[in-house]
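A short write-up of the structure that comes next.
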Number of protein chains: 2
Amino acid sequence: MKRITIRDVSERAGVSTAAVSYVLNGREGKVSSETVAKVRKAVEDLNYIPDFSARSLANNKSKLIGVVIPQTEDRKQLLLQNPFYSELICGIEARLRQSGFHMILSGVEKGEGYLDTSMQRNLDGAIITGIYQESFYEDLKKVRMPIVLVDSYVYDSHFHVVGIDDELGGYLATRHFIENGHTNIALVTGLIRKDGVVEKRFLGYKRALKEAGLFYNPDHVFEHSVTYEYGQEAARLIATKYPEITAVFATSDLMAMGVMQGVRDEGKEVPEHISVIGFDDISVARMCTPPLTTIKQDAIAKGIMAAERLLAAIENPDAEHSENLMVMPLSLIERNTVRKLP
Amino acid sequence: MKRITIRDVSERAGVSTAAVSYVLNGREGKVSSETVAKVRKAVEDLNYIPDFSARSLANNKSKLIGVVIPQTEDRKQLLLQNPFYSELICGIEARLRQSGFHMILSGVEKGEGYLDTSMQRNLDGAIITGIYQESFYEDLKKVRMPIVLVDSYVYDSHFHVVGIDDELGGYLATRHFIENGHTNIALVTGLIRKDGVVEKRFLGYKRALKEAGLFYNPDHVFEHSVTYEYGQEAARLIATKYPEITAVFATSDLMAMGVMQGVRDEGKEVPEHISVIGFDDISVARMCTPPLTTIKQDAIAKGIMAAERLLAAIENPDAEHSENLMVMPLSLIERNTVRKLP
DNA sequence: CGCATAAGGTTAAACGCTTAAACTAAATTC
DNA sequence: GAATTTAGTTTAAGCGTTTAACCTTATGCG
């Protein structure tokens, strides 16, 4: 079964392939309404579907967007375990599809850049989530497609950025503890990397402490990986070795849930013995017991926004460098994991 | 900045483009080791990266796999909220990348087939998860690429299938309740669609009841959508209007967690008043309180297997129709949501 | 030595599309 | 009525690969 080509369509419609191409691409004024009708009919009759490879080869547009998300520690799998990323992807995909784009979702190999993929596939743009080593961004700058960074503080005129005010998030969470009488507040977090979101949340945490005249104790920050398991481990440590700590700010809900379990593992209770605040407000946050107090951000909206920004930049490549930073809203959601100290 | 083409490489190496193409594609015996060396060097020097569009146009291979997953009720977003799908995707992506393939992840538009995408992009294959209306599969059969169906009982020589023994899963869960003295066991489930997985789980549920000489009561099956919210709603209904029910088998962990919440909403406890068993063993199942007893399947492994099958079929298109059905293992994981009745 | 064969290389025709440039015919201008 | 413009259409040259077919030499063999 041979493929139906633009030539077949042109023959059936009795016009040239150029004419067909023009009507398919809606070139205004290039073609009479009569021809449009003939071509439409032929396309319909033959059930013609254009070949995007050929199109891409001819005009250098692929209608393909690269989306990269972080990988697990072992570097083998995508970090989709974290529902935050799932929701982000949902938003991105929905918006891209709406505009006829497809998404190539992938992780990125250890050390490798993303240049290969972007060149091979002639990507029209990319959305990069998470934070990577510097060389990765250097590579990215060399490529001439628009790029949107999500959750990154790597500012550069080459990149559009969509994020939230992470510093504020960290501040709000910590201040909430303080308002409830807590003075020994631990931070449980993934690796604090330069220009990453947790660095800012950490800064907000410190600002709130300072503002309240509290001593910042480095021993109270537990830094490792963004996993449920590490949250659990850290909480066990806290429950057994740090009796002074009454509150834990986890920089991701996933970790916060681990913390809650770890606390219980040691025979203590949340929030009776230890209060917890998370970050993200992933959907399970309201489902767990007790429901988790957390800093809410809308991951789906973030994804949609990232896609929107990218599409706009593709449409209009001469980006005005003014508004290429987008900050989405965030808020503290009070549920039941913070105890008011007497 | 012009693109480096195979022609540039051939000129620098002092050979023809054909020679370059041969070494790039590892055509054995077509080329001397001397030429191989020269070409390798030139590729390295110029940092040449082939254009997959051109390649696809020339040899009809795209190294692109379509992956489709179900969408939410409102038909706008991917069903990635359900961690089961996230994990599946992780497995698929990891395996595909390992073999140099990329994945186009998408939902499929209301009513639309998948033919368009597959033709436009010249897909080398597709992995379809979930269950769709019949016309969708009819379309799929017309396309000449290998297709792997995950979680579907649509058998057809055109399709490879990877799944689990859902009937057995339903049976095991139900029997576990019965062994613990329960006799009024509700089923909370998403839409029971022909050839879908829940249909089989439902069958297993009925078989276990029958085997134990228990009456199957249609009023005890609560069928709607695969969401936390519906689980919650059903549980509230059960807790208030069906006092005889002591156990709930939810056909997905997400729903089971909703059930647990719904039970609590009505001032009752799991498992003291109502026992619960879920399905999938998503990672949060062990994290929730109390940890959920469930039917475990390994979603990541399932994804890897699906990808593996597809790759094999692509390698070797003359598929022997014997082994195109793959059944993955499953087991009951006892945690703390089932109470032993006196 | 003459000829078949093999090994290694090249040429050039696809693949299916876009688009600048050329062309044609009709309409407008002076 | 010739010259110019306009609108609509076609021609044909790419885009960057692959690969069948062809062309050289060198090798082996009777």
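Just so you know, these numbers come straight off a predicted model, no measurement behind them. We name chains A, B, ... by the order of the sequence lines, and we start the count at 1 in each one.
Between the OH atom of B:Y85 and the CG atom of B:L105 there is a distance of 12.5 Å, given to the nearest 0.5 Å. Considering CE of A:M119 and CG of A:D116, their distance stands at 9.5 Å, rounded to 0.5 Å.
Pairs of residues two or more places apart, or lying in two chains, never qualify as salt bridge (charged side-chain N to carboxylate O under 4.0 Å, His left out) while including a residue from residues 117-136 of chain A.
Atom P of nucleotide D:dT17 and atom CG of B:L24 are separated by 9 Å, given to the nearest angstrom. One atom, CZ of B:R7, and another, C1' of C:dT10, lie 12 Å apart when rounded to the nearest Å. Atom CZ of B:F52 is separated from atom C1' of C:dG16 by 19 Å (rounded to the nearest Å). Atom CZ of A:R121 and atom C1' of D:dT17 are 14 Å apart (whole Å). Computed from coordinates, the B:Q120 CD to C:dC15 P distance equals 21 Å when rounded to whole Å. When the P atom of D:dT17 is taken as reference, atom NZ of B:K63 falls 16 Å away, rounded to whole Å. Separating the CG atom of B:D51 from the C1' atom of C:dC17 is a distance of 13 Å, rounded to the nearest angstrom. Here the P atom of nucleotide D:dT18 and the NZ atom of B:K61 are 11 Å apart, to the nearest Å.
Not counting sequence neighbours, the partners of B:D156 by the salt bridge (Lys or Arg N to Asp or Glu O under 4.0 Å) test are B:K141. Residues passing the salt bridge (Lys or Arg N to Asp or Glu O under 4.0 Å) test with B:R55: none are found, sequence neighbours excluded. Under the salt bridge (Lys or Arg N to Asp or Glu O under 4.0 Å) criterion, A:E87 pairs with no residue, sequence neighbours left out.
Each end of the helix from C:dC1-D:dG30 to C:dC30-D:dG1 gets its own axis from five base pairs, and the two axes differ in direction by 50°, given to 10 degrees.
Classified by interplanar angle (parallel below 30°, tilted 30° to 60°, perpendicular above 60°), the ring pair B:Y155/B:Y153 is perpendicular. Ring pair B:Y137/B:Y132 is tilted by interplanar angle, where 30° to 60° counts as tilted.
The 5' end of DNA chain C is approached more closely, in terms of each residue's nearest nucleotide, by B:G14 than by the other of B:G14 and A:I49. Both B:K38 and A:S21 sit near DNA chain C, but only B:K38 has its closest nucleotide nearer the 5' end.
Considering only the side chain of B:T35, C:dG9 comes nearest among D:dT9, C:dT18, C:dG9. When distances are taken from the side chain of B:S32 to each of C:dG8, C:dT10, C:dT18, the shortest belongs to C:dG8.
Contact annotation: B:N60 side-chain N/O to C:dC15 OP1/OP2 distance is not under 4.0 Å.
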Quick one: which protein N/O atoms are closer than 3.5 Å to N/O atoms of nucleotides 12-15 of chain D? Pair and distance per line, please.
| residue | atom | partner | partner atom | Å |
| --- | --- | --- | --- | --- |
| D:dC15 | O2 | A:A58 | N | 3.4 |

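For C:dA7, its base never sits under 3.5 Å from the side chain of B:Y22 at any donor and acceptor pair.
A:N324 and A:R309 make their closest contact through CA-NH1, 4.1 Å (heavy atoms, listed as atom of the first residue, atom of the second, distance).
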